[in-house]
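These notes concern the structure reproduced below.
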Number of protein chains: 2
Amino acid sequence: MIKFILCSNNIVDNNYSNTEIKILDAAKSLFLKKGYSATTTRDIARESDINLAMLNYYFRSKRRLFEIIMFETLYEFLSKMVEVYNDEKTSLEQKLKLCSEKYIDMIIAEPLLPTFVLNELKNNPTSFLKMPTTKMIMKSNFVAQYQEGVKKGIYRKVDPIHFVTNVLSVIVFPFMCSPIIMKIENLSKKDFNIMMTERKKLIPAWIIQMIKK
Amino acid sequence: MIKFILCSNNIVDNNYSNTEIKILDAAKSLFLKKGYSATTTRDIARESDINLAMLNYYFRSKRRLFEIIMFETLYEFLSKMVEVYNDEKTSLEQKLKLCSEKYIDMIIAEPLLPTFVLNELKNNPTSFLKMPTTKMIMKSNFVAQYQEGVKKGIYRKVDPIHFVTNVLSVIVFPFMCSPIIMKIENLSKKDFNIMMTERKKLIPAWIIQMIKK
DNA sequence: ATATGAATTAAACAAATGATTAATAAAAAA
DNA sequence: TTTTTTATTAATCATTTGTTTAATTCATAT
């Protein structure tokens, strides 16, 4: 049984001391903002207002601290996915609506997460290998419902991986382009979030049109 | 008039000496692979097989070298965009086909580019501000044709920024997820590229279904 | 109250890193 | 050829960075 927990806003049983939590919070914030290499241990010490030596005292090394944060962040991310995708009670169309709402809210709350995850994953794909929930998406109720629809002749047939990829693409990618979109459309951060909120309703409709015969 | 040119495979009039080109090639490759902070000047010197001091002799600082590469990379990326989007002879549907083909080929040739650009842009959005072609996409023939279609009642009406964002999302995002997709689908790099090549045909059809009434 | 272990601190270390220097080699100009 | 400019090299500098140490404070149990 894994005993992990990352940040102060998490609820799972938490063995971490105050100091550890301060370190983890600051480190997560900095790693997300600047990435692994650009974040120094002294940055983390300053931001969390602890003595530099405490980082190594509690977490042994910067690398190990990073890996704990990476694991927790990935786990949190994937858990929220699985939750929606495997709900037996909802239809495919409801799931589409639920997951775009949930993801968009989640990323508005933590906008640096997607770029961070995908970027650090590129440098170290093995950290993803360890995650249990990884393959669950393709075996989820969500995909099964799509394939049923194909059988019934309601939906067009494509490899489910394309279907899932498309859904995630139109949800997540715009956030990764936020600096570009904000620039070319002259949007404030607030305006941008309004635009993303609009998409909560639009995306399910687009996806349905995309697959419906 | 800007006189820039980055790498050996570029053709524009090139004032750079052999040594400079070796440095630029190695630096681009390393910056793309590892990002700015994780790349050291000694890495670049080793990879380009030049003396460490030559980097500062020719480019003054690591930061300045990076900015040259970033500018050139962005410029190259955006130029290819504008080319397709502003072609007066092609229809919207042809443009969709052309641009998904062109982008997918481009990213297959340089798969690290999207993550690199978006990641480094997050750290320094001003570098994008300097680019001239930035706002051209929204004023392109591509967008105009979509809006015409809306007027004619052929296409559903949404803010063009959503339309453009969606097109780019389904083209680019899958590449940024390549480690994930390869993992959950058990694909080799070759298999993955085949899958992306499939999408060249699929994407234009999806987008049309998405917007057509 | 005292002793024991855990938590915290300031200082220091060793390696890495961006940048510079001073000397030398090569190329171009005189 | 000689002079002058440009390119290249090895060595060095000053910081920065991850990590450790040794001393000190704090908390807890005896």
Side-chain angles (χ1 to χ4, degrees), chain A residues 3 5-8 13-71 116 119-120 123-124 127, chain B residues 3 5-8 13-71 116 119-120 123-124 127:
Chain A
K3 257 198 199 161
I5 198 43
L6 199 51
C7 287
S8 41
D13 80 311
N14 184 336
N15 297 347
Y16 287 127
S17 69
N18 268 1
T19 310
E20 286 172 286
I21 290 173
K22 285 204 295 189
I23 295 171
L24 286 162
D25 278 342
K28 185 178 183 183
S29 157
L30 287 167
F31 283 143
L32 279 168
K33 207 182 299 171
K34 319 208 286 172
Y36 177 78
S37 297
T39 302
T40 71
T41 51
R42 280 166 183 81
D43 281 340
I44 299 170
R46 200 179 313 115
E47 180 101 348
S48 56
D49 200 37
I50 51 107
N51 187 284
L52 176 58
M54 302 313 288
L55 192 153
N56 295 86
Y57 179 74
Y58 282 115
F59 299 98
R60 212 166 72 217
S61 72
K62 179 191 171 188
R63 170 60 57 184
R64 241 183 66 80
L65 172 60
F66 176 78
E67 270 158 16
I68 290 170
I69 288 169
M70 190 59 174
F71 183 89
F116 168 76
N119 191 52
E120 302 290 345
N123 304 330
N124 179 25
S127 67
Chain B
K3 257 198 200 160
I5 200 43
L6 200 52
C7 287
S8 41
D13 79 313
N14 184 337
N15 296 345
Y16 286 125
S17 69
N18 269 1
T19 310
E20 286 172 285
I21 290 173
K22 285 204 297 191
I23 295 171
L24 285 163
D25 277 343
K28 185 176 184 183
S29 157
L30 286 166
F31 283 143
L32 278 168
K33 207 181 300 170
K34 319 208 290 172
Y36 176 77
S37 297
T39 302
T40 71
T41 51
R42 282 168 181 81
D43 282 339
I44 298 171
R46 199 178 316 113
E47 179 100 351
S48 56
D49 200 38
I50 51 103
N51 187 284
L52 175 59
M54 301 313 287
L55 193 153
N56 297 87
Y57 178 75
Y58 282 115
F59 299 99
R60 211 165 74 216
S61 72
K62 179 191 171 188
R63 170 60 58 185
R64 242 183 65 81
L65 172 60
F66 176 78
E67 269 158 16
I68 291 169
I69 287 169
M70 190 60 175
F71 183 90
F116 168 77
N119 192 51
E120 302 290 345
N123 303 330
N124 179 25
S127 67

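Protein chains get the first letters and strands the later ones, always in sequence-line order, with residue 1 at the start of each.
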B:Lys22/B:Asp25 salt bridge by N-O under 4.0 Å criterion
no

Would you please confirm or rule out a distance under 4.0 Å between OP1 or OP2 of C:dG18 and any side-chain N or O of B:Thr41?
yes

Think A:Thr19 has a side-chain N or O under 4.0 angstrom from the OP1 or OP2 of C:dT8?
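So the side chain of A:Thr19 is within the cut-off, an N or O lying under 4.0 Å from OP1 or OP2 of C:dT8.
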
With the threshold set at under 4.0 Å for non-hydrogen atoms, list the residues of residues 31-38 of chain A touching DNA chain C in residue-number order.
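Within this stretch, nothing sits under 4.0 Å of the strand.
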
Any residue of residues 42-54 of chain A with a heavy atom less than 4.0 Å from an atom of DNA chain C:
A:Arg42, A:Asn51, A:Ala53, A:Met54

A side-chain contact here means heavy atoms from C-beta on lying under 4.5 Å apart; do B:Tyr16 and B:Ile23 qualify?
no

4.5 Å side-chain heavy-atom contact, A:Leu52 and A:Ile44:
no

Whole Å only: how far is the [atom1] atom of [X] from the [atom2] atom of [N]?
X       : N      : atom1 : atom2 : answer
A:Asn56 : C:dT8  : CG    : C1'   : 14 Å
B:Arg63 : C:dT17 : CZ    : C1'   : 15 Å
B:Phe66 : C:dA19 : CZ    : C1'   : 19 Å

About how many Å separate [atom2] of [Y] and [atom1] of [X], when rounded to the nearest 0.5 Å?
X       : Y        : atom1 : atom2 : value
B:Asp43 : B:Thr40  : CG    : OG1   : 3.0 Å
B:Leu30 : B:Thr41  : CG    : OG1   : 11.0 Å
B:Leu55 : B:Thr19  : CG    : OG1   : 11.5 Å
A:Ser37 : A:Glu120 : OG    : CD    : 7.0 Å

Nucleotide interval of DNA chain D bounded by contacts with chain A (heavy-atom cut-off, under 4.0 Å)
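Under 4.0 Å from chain A, the extent on DNA chain D is D:dT17 to D:dT21.
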
Can you confirm whether or not the ring centre of B:Phe116 sits under 6.0 Å from the ring centre of B:Phe31?
no

Validate the cation-pi geometry between B:Arg63 and B:Tyr36: distance from NZ or CZ to the six-membered ring centre under 6.0 Å, angle to the ring axis within 45°.
yes

Walking DNA chain C from its 5' end, the first of A:Tyr57 and B:Leu55 to be reached, judged by nearest nucleotide, is A:Tyr57

Assign A:Tyr58 to base, sugar-phosphate, or nothing according to its heavy-atom contacts below 4.0 angstrom with the strands shown.
sugar-phosphate

Name the one of B:Glu67, B:Glu20, B:Met54 that satisfies side chain to side chain contact (heavy atoms under 4.5 Å, CB included) with B:Phe59?
B:Glu20

